[in-house]
Amino acid sequence: MKKTVLILYSEHYDTSALALKDYLEADGRYDVVAVSEREYDNFRYLRSYRDFYRFTYRKFPAINNVIVNLPTAAVKRKKDSDGNIVNFKPNSETYQRFRKFDNIAMRFDAHYVICTTQYSLRKAVIAREKYNLQGKIFALLTDYVLQDNFVSLDIDGYFVVTKKAKHALINKGVEDNKIFVIHMPLPPATPVKRSKEEIKKQFDIRNDLPTLMVVGGRYGSKYLYDALVNVCEKEEFNILVFVDGNIGVNKKFKRYAKNNFVSNNVYIVQKINDLSRAYYIADYILAAPTSAICYEALLRKIPLILMDGANNVENKNSKYLVASGYAYSGINKKRIDRALEEIDKSREQWAKFCETRVKDDGCEQFLTCLNLIDEGKDPIEEYLNRTVIMEDEGSKVVVDVEDAETSANEENTIKKKKKGFFKRRK
């Protein structure tokens, strides 16, 4: 009998959740249901709530945590005269209209619930407690650092993409054996049968200049506009800008172009769905520090420059990626120019760095861990310990455990040879 997996995700470019859905369905052992926040968030259509959420998400993360927690406050269970907990009746009109998340949780009663947002994580915990559901709840954190309102001691495990996030969770009181470090789950790259020249023509680009792709984050239209202004004079590039239908960026940039010099090679793309094609012609990417787009760039070994982040988490992502050597800082015009110079000097070395450290087997790792959990085994002992990930300041090396002893012996031999060499020199 197949087990049910319920994936709760954000509708804004949450590629990891959708990649997991496709991968688990293809495996055939699970029935997978993916539900976006458009379907489960009661407050999504209240404009004032949404705008206030966006503002605090960018400027006041602490207040935003409160906003996220308010709709998920602990629910008191009703009891009958004998002191027994009364089951909630899901048939009322009120329930159907205002308890959408509870309705989804009870209807599927999934064996595994995978949450990619803080809101869904808290709601899933409360629904399980309130309706005595039996499913296990896991959080999937694709940011490179920990967002504090993701922390919950009531869930069954965390899937994270860096050891930094794991250590932060441990410091918050989460047990070590509940945290599984995997590579980021992403959909497989779509094979392209057309040449680069043909793809360029699809974007109306008809020259041989290198392409600088500019793409913003979820709430960062201001930062996308600032980044575009910082590079729009560069005539030596094709500047391919993804605005995701944001009319405000278009209007502001048109006003800017009336009074300032702008290269003729600026191409604005409305739909972010065209990103998959754009990766094949991009020579550089200037992006917001959003986790998925950054990882996709690194996976394709396209030099990554990071603009200002729109919120606290994006800025933390940026610091992690720049400090670890994965990306270059591009928070202003001067730094973008410096980054482009550094990339041209060390492009091959940086590409090898990415090839060693960034892998595309995140979905496979997730499925293996889920299967082991299903069998009652410990994924860390049975599977994840086969790979040792060493994260130092500015380096991250992947080594198979079976070859670790051999590598250590080779390293000791090299050290001995060096010592002998210096002795002879003396």
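A quick note: this is a predicted structure, and the numbers were derived from the prediction, not measured.
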Can you see which heavy atom on Lys172 is nearest to which on Leu153, and at what distance? O-CD2, 4.2 Å
Hey, are Tyr131 and Asp102 close enough side-chain-wise for a donor-acceptor pair under 3.5 Å? yes
Just how far is it from atom OG1 of Thr116 to atom CG of Leu18, taken to the nearest 0.5 Å? 9.0 Å
Counting heavy atoms not belonging to Arg194, are there more than 12 under 6.0 Å from its CZ? no
Lys316 and Asp143: salt bridge (Lys or Arg N to Asp or Glu O under 4.0 Å), yes or no, with the steps? CA-CA 9 Å; Lys316 286 182 178 179; Asp143 283 305; over 6 Å; no
Taking every non-hydrogen atom, the tightest pair across Leu306 and Cys294: CD2-SG, 3.7 Å
Taking the side chain as everything from C-beta on, heavy atoms only, tell me whether Ser152 gets closer than 4.5 Å to Val125. yes
Please answer whether the main-chain N or O of Glu355 pairs with a side-chain N or O of Lys359 as donor and acceptor at a distance below 3.5 Å. yes
Would you check, one step at a time, whether the test side chain to side chain contact (heavy atoms under 4.5 Å, CB included) holds for Gln365 with Thr368? CA-CA 5 Å; Gln365 289 182 326; Thr368 304; 5.8 Å; no
Calculate, to the nearest 0.5 Å, the distance between atoms CD1 and CE belonging to Ile293 and Met213 respectively. 7.5 Å
Flag yes if more than 12 heavy atoms outside Lys319 fall under 6.0 Å of its NZ atom; otherwise flag no. no
Would you check if Leu228 and Val266 make a side-chain contact, meaning some heavy-atom pair closer than 4.5 Å? yes
Between Ile137 and Leu121, does the side chain to side chain contact (heavy atoms under 4.5 Å, CB included) criterion hold? Intermediate values first, please. CA-CA 8 Å; Ile137 301 172; Leu121 185 64; 4.0 Å; yes
Side chains of Lys201 and Arg206: does their closest heavy-atom pair fall under 4.5 Å? yes
Cation-aromatic face contact Arg338/Tyr328, 6.0 Å, 45 degrees: no
Anything under 30° is parallel, anything over 60° is perpendicular, the rest tilted; go ahead and classify Tyr144 against Tyr320. parallel
Leu304 CG to Cys354 SG distance, which is reported to the nearest 0.5 Å: 8.5 Å
Within the 4.5 Å heavy-atom criterion, are Asp360 and Leu186 side-chain neighbours or not? no
Would you say the side-chain atoms of Tyr158 pair up with the backbone N or O of Phe150, donor to acceptor, closer than 3.5 Å? yes
Under a 3.5 Å cutoff, is there a donor and acceptor pairing between the side chains of Asn177 and Asp378? no
Working to the nearest 0.5 angstrom, can you tell me the gap between Phe138 CZ and Leu370 CG? 7.0 Å
Atom CG of Asn264: over 12 foreign heavy atoms under 6.0 Å: no
Any non-hydrogen side-chain atom of Leu20 less than 4.5 Å from a side-chain atom of Tyr9? no
Tell me if a side-chain donor or acceptor on Thr117 pairs with a main-chain N or O of Ser120 at a distance below 3.5 Å. yes
Should we say atom CG of Asn260 is surrounded by more than 12 heavy atoms from elsewhere, each under 6.0 Å from it? yes
Under 3.5 Å, is there a donor-acceptor pair between the side chain of Ser16 and the main chain of Pro185? yes
Might you work through the side-chain hydrogen bond (donor to acceptor under 3.5 Å, both in side chains) test for Tyr279 and Glu296, ending with a clear yes or no? CA-CA 9 Å; Tyr279 285 131; Glu296 287 174 358; 2.5 Å; yes
Just by modelled atom types, is the Tyr280 backbone N or O under 3.5 Å from a matching donor or acceptor in the Arg300 side chain? no
Applying side chain to side chain contact (heavy atoms under 4.5 Å, CB included), run through Tyr326 and Arg357 and close with a yes or a no. CA-CA 9 Å; Tyr326 293 99; Arg357 293 154 174 78; 4.0 Å; yes
Derivation and outcome, salt bridge (Lys or Arg N to Asp or Glu O under 4.0 Å), residues Lys21 and Glu25: CA-CA 6 Å; Lys21 178 182 182 295; Glu25 282 179 340; 3.0 Å; yes
Separation of Tyr30 OH from Thr4 OG1 (nearest 0.5 Å): 11.0 Å
Nearest 0.5 Å please: distance from the CG atom of Leu212 over to the SG atom of Cys232. 11.5 Å
Closest non-hydrogen atom pair, Thr142 against Ser291: O-CB, 2.9 Å
Check whether any side-chain N or O of Asn238 sits under 3.5 Å from a backbone N or O of Leu209 as a donor-acceptor pair, and report yes or no. yes
Tell me if the aromatic rings of Phe366 and Tyr23 count as close, with their centers under 6.0 Å from one another. no
Looking at every non-hydrogen atom in both residues, tell me the closest pair between Val145 and Val313 and how far apart they are. CG2-O, 4.1 Å
Evaluate the side-chain proximity of Val241 to Val249: yes if any heavy-atom separation is below 4.5 Å, no if none is. no
Is it true that Asp27 and Arg29 have a side-chain N and a carboxylate O under 4.0 angstrom from each other? yes
So, Tyr112 and Asp374: side-chain donor and acceptor under 3.5 Å apart, yes or no? yes
Does the side chain of Thr15 reach to within under 4.5 Å of the side chain of Pro187, using non-hydrogen atoms? yes
Run Phe180 and Ile380 through side chain to side chain contact (heavy atoms under 4.5 Å, CB included) and show every step you take. CA-CA 7 Å; Phe180 314 118; Ile380 297 175; 3.7 Å; yes
On a heavy-atom basis, the closest approach of Cys369 and Phe159 is CB-CE2, 3.7 Å
Determine whether a donor-acceptor pair (N or O, by modelled atom type, separation under 3.5 Å) exists between the side chain of Asn265 and the backbone of Ile239. no
Are the side chains of Val161 and His183 in contact, using a 4.5 Å heavy-atom criterion? no
Would you indicate whether Glu375, at its atom CD, is surrounded by more than 12 heavy atoms from other residues, nucleotides or ligands within a distance under 6.0 Å? yes
NZ/NE/NH1/NH2 to OD/OE distance under 4.0 Å, Lys222 and Asp308: no
Enclosure of Gln134 CD (heavy-atom neighbours >12, cutoff 6.0 Å): no
Residues Val113 and Leu8: closest non-hydrogen pair is CG1-CD1, 3.9 Å
Show your working on salt bridge (Lys or Arg N to Asp or Glu O under 4.0 Å) between Arg107 and Asp109 and close with a plain yes or no. CA-CA 6 Å; Arg107 181 175 14 148; Asp109 196 7; over 6 Å; no
